[in-house]
Protein chains: 2
Amino acid sequence: MSGTNTHVPSVLSAPLPSPVPSEEYDACPVTDVLRRVGDRWTLLILILLGRRPHRFNELHRSVEGISQRMLTRTLRALERDGLAARTVYPTVPPSVEYDLTPLGRTLLNPLSTLADWAVDHGAEIATARDRHDAHSPPPSEQSA
Amino acid sequence: MSGTNTHVPSVLSAPLPSPVPSEEYDACPVTDVLRRVGDRWTLLILILLGRRPHRFNELHRSVEGISQRMLTRTLRALERDGLAARTVYPTVPPSVEYDLTPLGRTLLNPLSTLADWAVDHGAEIATARDRHDAHSPPPSEQSA
DNA sequence: CAGGATCCCATGAGATACTG
DNA sequence: CAGTATCTCATGGGATCCTG
């Protein structure tokens, strides 16, 4: 799709179920996915698992900054959604291995498309943000 | 990129700045973008603005379920990041029009790639989730 | 080693009321 | 019309302690 600017995004131009329902959660699978991947750790875990299986503490060390709690929760969520698989080897001490499922692997490419965008345009966003903040400074302490 | 399965995702396979820093926020532009788009309303607003400019109350009606507060905040955030533009027509009563910036438009295609994935695999996720929940039921009331 | 339990804070997000 | 201000609740996320 590199240079194709005439490409009309399927979902984005399709008619929305317009008065967007907010029954219980999203009802929109796209927003649903975005929210699932849009937290602080999921993306990183997906990337790491996309390269090779990892054990719990291996992930814990690789990510560094994540708490066991959040690592566990993130992995459980991925497992629940069928994106990652958890394999327990009944050794002693126990060893658990996490890996992406085939479904999880199919997520990598779409994610990478967005990732490329982020890398390409991250600077523009930062610039825009700085300019905006310069014009409407946040109500903090004034120096003078 | 449609059928190309041999495509190696650039960012996803590139070496991570491994012990992932968590200095203040993300430091990872990809996670940053995911988090920005991964809230409850941003994606919907982006999609609507991607079709044509909208006025404030027009968006308010189209999304339905969003509060003025969140609509304002979402629009301000998009504006701050240079993804949307706010044009005030000094009429009375005032009229304000929101539109995507060129930068904002470039986001639509990557987003659409993910959106397609979500539509294609949403059911699989739901199935996996149901199965998972059936095996490890949440500690709610039991019927019997 | 892998993870559960608990406590606590920061942010997301809805409701309502008010205004230039 | 297009917001701002305030209040309140739900969730995300970190720290710490405990266990099979």
Side-chain angles (χ1 to χ4, degrees), chain A residues 20-26 28 31-32 34-45 49 53-80 84-99 136 138-139, chain B residues 20-26 28 31-32 34-45 49 53-80 84-99 136 138-139:
Chain A
V20 178
S22 57
E23 315 210 342
E24 183 119 309
Y25 198 32
D26 291 302
C28 170
T31 298
D32 195 45
L34 258 323
R35 288 179 68 88
R36 200 148 314 271
V37 176
D39 64 16
R40 183 151 190 171
W41 306 113
T42 299
L43 176 70
L44 287 166
I45 306 292
L49 292 186
H54 282 72
R55 296 182 48 180
F56 187 88
N57 276 341
E58 197 177 359
L59 287 171
H60 197 195
R61 277 188 296 275
S62 292
V63 173
E64 184 171 0
I66 195 173
S67 55
Q68 312 99 312
R69 192 179 108 98
M70 285 314 296
L71 181 52
T72 301
R73 285 172 64 109
T74 303
L75 289 170
R76 288 284 176 282
L78 290 174
E79 196 193 350
R80 185 171 111 105
R86 178 173 179 268
T87 310
V88 182
Y89 299 101
T91 60
V92 45
S95 114
V96 178
E97 197 170 79
Y98 292 92
D99 192 7
S136 46
Chain B
V20 179
S22 56
E23 315 210 342
E24 183 118 309
Y25 198 31
D26 291 300
C28 170
T31 298
D32 194 46
L34 258 325
R35 287 179 69 87
R36 200 149 313 271
V37 176
D39 63 16
R40 183 149 187 171
W41 306 113
T42 299
L43 176 70
L44 287 166
I45 306 291
L49 292 185
H54 282 71
R55 296 181 48 178
F56 186 88
N57 277 340
E58 198 177 0
L59 287 171
H60 196 195
R61 277 187 298 274
S62 293
V63 174
E64 183 172 1
I66 195 174
S67 56
Q68 310 100 312
R69 192 179 108 97
M70 285 315 295
L71 180 53
T72 301
R73 284 173 65 109
T74 303
L75 289 170
R76 288 283 177 283
L78 290 175
E79 197 193 350
R80 185 171 111 104
R86 177 173 180 268
T87 309
V88 182
Y89 298 101
T91 62
V92 44
S95 115
V96 179
E97 198 170 79
Y98 291 92
D99 193 7
S136 46

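Applying the side chain to side chain contact (heavy atoms under 4.5 Å, CB included) rule to A:P94 yields no partners; only residues at least two apart in sequence or on another chain are considered. Here A:R55 pairs with nothing under the side chain to side chain donor-acceptor pair (under 3.5 Å) rule; sequence neighbours left out.
Atom C1' of nucleotide D:dG12 and atom CZ of A:R35 are separated by 11 Å, given to the nearest angstrom. One interatomic measurement links the two molecules: NE2 of B:H60 to C1' of D:dT4, which rounds to 14 Å at whole-angstrom precision. The separation between A:R36 atom CZ and D:dG12 atom C1' is 14 Å, rounded to whole Å.
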Requested in this report: Determine, stepwise, if the pair B:T87 / B:D99 fulfils side chain to side chain contact (heavy atoms under 4.5 Å, CB included).
Outcome: CA-CA 8 Å; B:T87 309; B:D99 193 7; over 6 Å; no
Report task. Go through the steps for B:L49 and B:L59 under the test side chain to side chain contact (heavy atoms under 4.5 Å, CB included), then give the verdict. Result -> CA-CA 9 Å; B:L49 292 185; B:L59 287 171; 4.2 Å; yes
Report summary line: Heavy-atom contacts, protein to nucleotides 14-20 of chain D, under 4.0 Å, summarised as B (base), S (sugar-phosphate only) or - (none) per nt, yield BBB---B
For residues 67-74 of chain B, tabulate all N or O donor-acceptor pairs below 3.5 Å that involve a side-chain atom, not counting sequence neighbours.
| residue | atom | partner | partner atom | Å |
| --- | --- | --- | --- | --- |
| B:S67 | OG | B:M70 | N | 3.3 |
| B:T72 | OG1 | B:Q68 | O | 2.9 |
| B:T74 | OG1 | B:M70 | O | 2.6 |

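In this structure, B:V88 and B:P90 approach most closely via the heavy-atom pair O-CD, 3.6 Å. Annotation for A:R35 and B:G38: closest pair CG-O, 3.2 Å, computed over non-hydrogen atoms.
A nucleotide of DNA chain C counts as in contact with chain B when one of its atoms lies under 4.0 Å from a heavy atom; the first and last such, 5' to 3', are C:dG12 to C:dG20.
Each end of the helix from C:dC1-D:dG20 to C:dG20-D:dC1 gets its own axis, taken as the rotation carrying the C1' atoms of four end pairs onto the next four within a five-pair window, and the two axes meet at 50° to the nearest 10 degrees.
At the heavy-atom level, A:Y98 lies under 4.0 Å from the strands shown only through sugar-phosphate atoms.
Here the CG atom belonging to B:D39 is positioned 11.5 Å from the CG atom belonging to B:L34, to the nearest 0.5 angstrom.
Screening B:H54, B:E79, B:R86, B:E58 for a side-chain hydrogen bond (donor to acceptor under 3.5 Å, both in side chains) involving B:Y98 leaves a single residue, B:R86.
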